Trainee: 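So that we are looking at the same thing, I have put the structure below in structure tokens.
Bear in mind the structure is a predicted one, so any value in this text is a computation, not a measurement. In listed order, ligands and their atoms are each counted from 1.
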Amino acid sequence: MKVLVIGGGAREHALAWKIAQSPKITELYLAPGNAGTANIAQNLGLRPTDTEALAKAAQDIGIDLTVVGPEAPLASGIVDYFEHLGMPVFGPTGAATQIESSKVFAKKLMEKYGIPCPKGVGFSNYSQARDYLESQPTPVVIKADGLAAGKGVTVAGSKEEALRALSATMEAKVFGSAGDSVVIEECLAGEEVSLLAFTDGKTVVPMVPACDYKTVFDGDQGPNTGGMGSYSPPGFFDAELTEQVMETILEPAVRAMAEEGIPYKGVLYAGLMVTSDGVKVLEFNARFGDPETQVILPRLKTDLVDVLEATVNNRLSEAVIEWSANACVAVVMASGGYPGSYSTGFPIGGLDQLDKEILVFHAGTKQGKNSQIHTDGGRVLTVVATGGTMAEARAKAYRNLPNIHFDGSHYRKDIAAREVN
Ligand code: AMP
Ligand code: GLY
């Protein structure tokens, strides 16, 4: 089989790493990939949103299966385009991706079908949103409706902060048209967890749960990022809770989409809050999570290509998907200044100084002259360790991280710390 993975982050490197282990694979391509994926696949110099060029390349090569990583191409309908051409592709259609690309759509769906979520109201009119916000207690949550690279949500502790966020979103349009509408919702307290599932539109099969870390500094301080680390499994989220989320959230959501005439296929990602009043949905994503994928796939014992094919071919009910009992910890190394402005082009050293079993998934990296690898983005590498226990996995990751160096590098020191103390 010839497989194409669309995207160039550590999530896509992890997908490619796992796909490459399948005995079915003869050729593997990424678009655009990164310096890490260049070692296991061929990188195509195409942007993930350049749908027509990607389809043409896939046809020319004779790609048997395309796997879409990021949300932007999904939202703009890359799956519809490939399907129209009769090319097998893993991911939801543009319409189905609305479950992620419109918070108003997701909220209405959850309310209509009784899927547990925080109380919230959608607005497309600023003064109405403002009047409603004035009447709400704080803390309160303001969410830009559209895709905003994970930055469109403000958890506001005071009325002033909430009004500022609303104005920035709807009046100043700091997230562009993503802020044409907003959802204003109640603030929940509890533990956050991500539960992702494969679905062919009918059968839903959960992956193992994972936790990610969104803020840049230890102790959940500082601005939000694309994700600074993750681990699996979370001790507070047992098999019974997974079963509960399947019955009350994931299966009902897939049924609801079918009932709405928008069948959902691919990965459905539920961002959850475990509250004293049950598990509730903070958000849905229409894809694999980053950096959750980097700790979920190392625990997958089954051939990923079999699972992806079963999903695409509506045969997920026949698939047997097995997971290891191991613990897995991922720590992201970022450029100095990230998630604010940062410089790139710094040589990365020490990648050959790691314990053999450490996985390094690249994101913002580029190969220069003499095969020297340089930084080329905000999040540069995800360093992943696996162990029989969380303590072992965590110790391995943090023992190896100091061996990798580039100017200005920083990473969180507290990934999975709450699981071992
Ligand atoms: P989202 O993109 O909707 O997952 O929101 C980003 C982050 O904001 C989440 O990971 C939570 O930490 C926080 N958040 C979102 N919605 C709520 C809520 N209703 N209550 C408390 N925190 C929230
Ligand atoms: N880890 C959050 C996301 O993938 O959106």
Trainee: Going by the order shown, which atoms of ligand 1 are within less than 4.0 Å of some heavy atom of Val141?
Mentor: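 Taking each heavy atom of Val141 in turn, ligand 1 has 16 (N), 17 (C), 18 (C), 19 (N), 20 (N) under 4.0 Å.
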Trainee: What protein heavy atom sits nearest atom 13 (C) of ligand 1, and how far away is it?
Mentor: Val155 CG2, 3.9 Å
Trainee: Relative to the heavy atoms of Arg287, which atoms of ligand 2 are at a distance of less than 4.0 Å?
Mentor: 3 (C), 4 (O), 5 (O)
Trainee: Consider only side-chain N and O atoms of Tyr213 and Ser230, and report whether a donor and an acceptor are under 3.5 Å apart.
Mentor: no
Trainee: Which residue owns the protein heavy atom closest to atom 20 (N) of ligand 1, what's the atom, and how far is it?
Mentor: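 Of every protein heavy atom, Leu188 N, 2.8 Å lies nearest to atom 20 (N) of ligand 1.
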Trainee: As a check for students: among Glu192, Lys143, Lys151, identify the option with a heavy atom nearest to atom 10 (O) of ligand 1.
Mentor: Glu192
Trainee: Distance under 4.0 Å to a non-hydrogen atom of Asp212: what atoms of ligand 2 satisfy this?
Mentor: 1 (N), 2 (C)
Trainee: Please confirm whether Cys187 comes within less than 3.5 Å of ligand 1 when only nitrogen or oxygen atoms on both sides are compared.
Mentor: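 No, no N or O pair falls under 3.5 Å.
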Trainee: With heavy-atom distances below 4.0 Å as the criterion, list the atoms of ligand 1 near Lys103.
Mentor: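 Checking each atom against Lys103, I get 1 (P), 2 (O), 3 (O).
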Trainee: Considering non-hydrogen atoms of the protein only, which is the closest contact for atom 8 (O) of ligand 1, and what is the distance?
Mentor: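 Checked against all protein heavy atoms, atom 8 (O) of ligand 1 sits closest to Val153 CG1, 3.6 Å.
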Trainee: May I ask you to decide whether Asp64 forms a salt bridge with Lys24, counting only side-chain N to carboxylate O separations under 4.0 Å?
Mentor: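 Here Asp64 does not pair with Lys24 in a salt bridge, since their nearest N and O are not under 4.0 Å apart.
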Trainee: Above 12 or not: heavy atoms from other molecules or residues under 6.0 Å from CD of Glu52?
Mentor: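 Check fails, neighbour count at 12 or below.
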Trainee: Do Asn400 and Asp355 have side-chain N/O donor and acceptor atoms under 3.5 Å apart?
Mentor: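 Yes, side-chain donor-acceptor contact under 3.5 Å.
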Trainee: State whether a side-chain donor-acceptor pair under 3.5 Å links Tyr231 with Arg418.
Mentor: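 Present: a donor and an acceptor within the cut-off.
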Trainee: Against the six-membered ring of Phe105, is Lys107 placed for a cation-pi contact (under 6.0 Å from the centre, within 45° of the normal)?
Mentor: no
Trainee: Among all protein heavy atoms, pick the one closest to atom 2 (O) of ligand 1 and tell me residue, atom and distance.
Mentor: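 Of the protein heavy atoms, Glu283 OE1, 3.2 Å lies nearest.
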Trainee: Within the 4.0 Å heavy-atom shell around Gly289, which atoms of ligand 2 are there?
Mentor: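 Within the 4.0 Å cut-off of Gly289, ligand 2 contributes 4 (O).
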Trainee: Which ligand 1 atoms are under 4.0 Å away from a heavy-atom of Pro118?
Mentor: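 Here the atoms of ligand 1 in question are 19 (N).
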Trainee: Which atoms of ligand 2 sit under 4.0 Å from any heavy atom of Asn285?
Mentor: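 Taking each heavy atom of Asn285 in turn, ligand 2 has 3 (C), 5 (O) under 4.0 Å.
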Trainee: After noting the C-alpha distance and the side-chain angles of Tyr269 and Phe284, does the key distance pass the ring pair (Phe, Tyr, Trp, His ring centres under 6.0 Å) rule?
Mentor: CA-CA 6 Å; Tyr269 166 137; Phe284 282 119; 9.1 Å; no
Trainee: So, Thr311 versus Asp200: side-chain donor-acceptor pair below 3.5 Å or not?
Mentor: no
Trainee: Check contact between Glu71 and ligand 2, using heavy atoms of the residue and a distance below 4.0 angstrom.
Mentor: no
Trainee: Is the shortest N/O to N/O distance between Lys214 and ligand 2 below 3.5 Å?
Mentor: no
Trainee: State which residues pass salt bridge (Lys or Arg N to Asp or Glu O under 4.0 Å) with Asp220; sequence neighbours excluded, sorted by chain then number.
Mentor: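 Expected list: Arg412.
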Trainee: Is there a heavy atom in Lys280 that sits closer than 4.0 Å to ligand 1?
Mentor: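 So Lys280 does not count as touching ligand 1.
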Trainee: Can you list the residues that meet the side chain to side chain contact (heavy atoms under 4.5 Å, CB included) rule with Pro233, with sequence neighbours excluded?
Mentor: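 Here the qualifying residues are Arg299, Ala327, Met390.
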Trainee: Using a 4.0 Å cutoff against the non-hydrogen atoms of Lys214, which atoms of ligand 1 qualify?
Mentor: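 Checking each atom against Lys214, I get 10 (O).
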Trainee: Checking side-chain polar atoms at under 3.5 Å, does Ser102 have a donor or acceptor matched by the opposite partner on Asp145?
Mentor: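 Per modelled atom types, Ser102 and Asp145 side chains form a pair under 3.5 Å.
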Trainee: Residue-level breakdown please: for Leu282 versus ligand 1, do any non-hydrogen atoms fall below 4.0 Å on the side chain, on the backbone, on both, or on neither?
Mentor: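 Leu282 to ligand 1: contacts from backbone and side chain alike.
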Trainee: Within ligand 2, which atoms have a heavy atom of Tyr269 less than 4.0 Å away?
Mentor: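 With Tyr269 as reference, the close atoms of ligand 2 come out as 1 (N), 2 (C), 3 (C), 4 (O).
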Trainee: State, without any angle test, whether Ser194 and Glu292 hold a side-chain donor-acceptor pair at a distance under 3.5 Å.
Mentor: yes
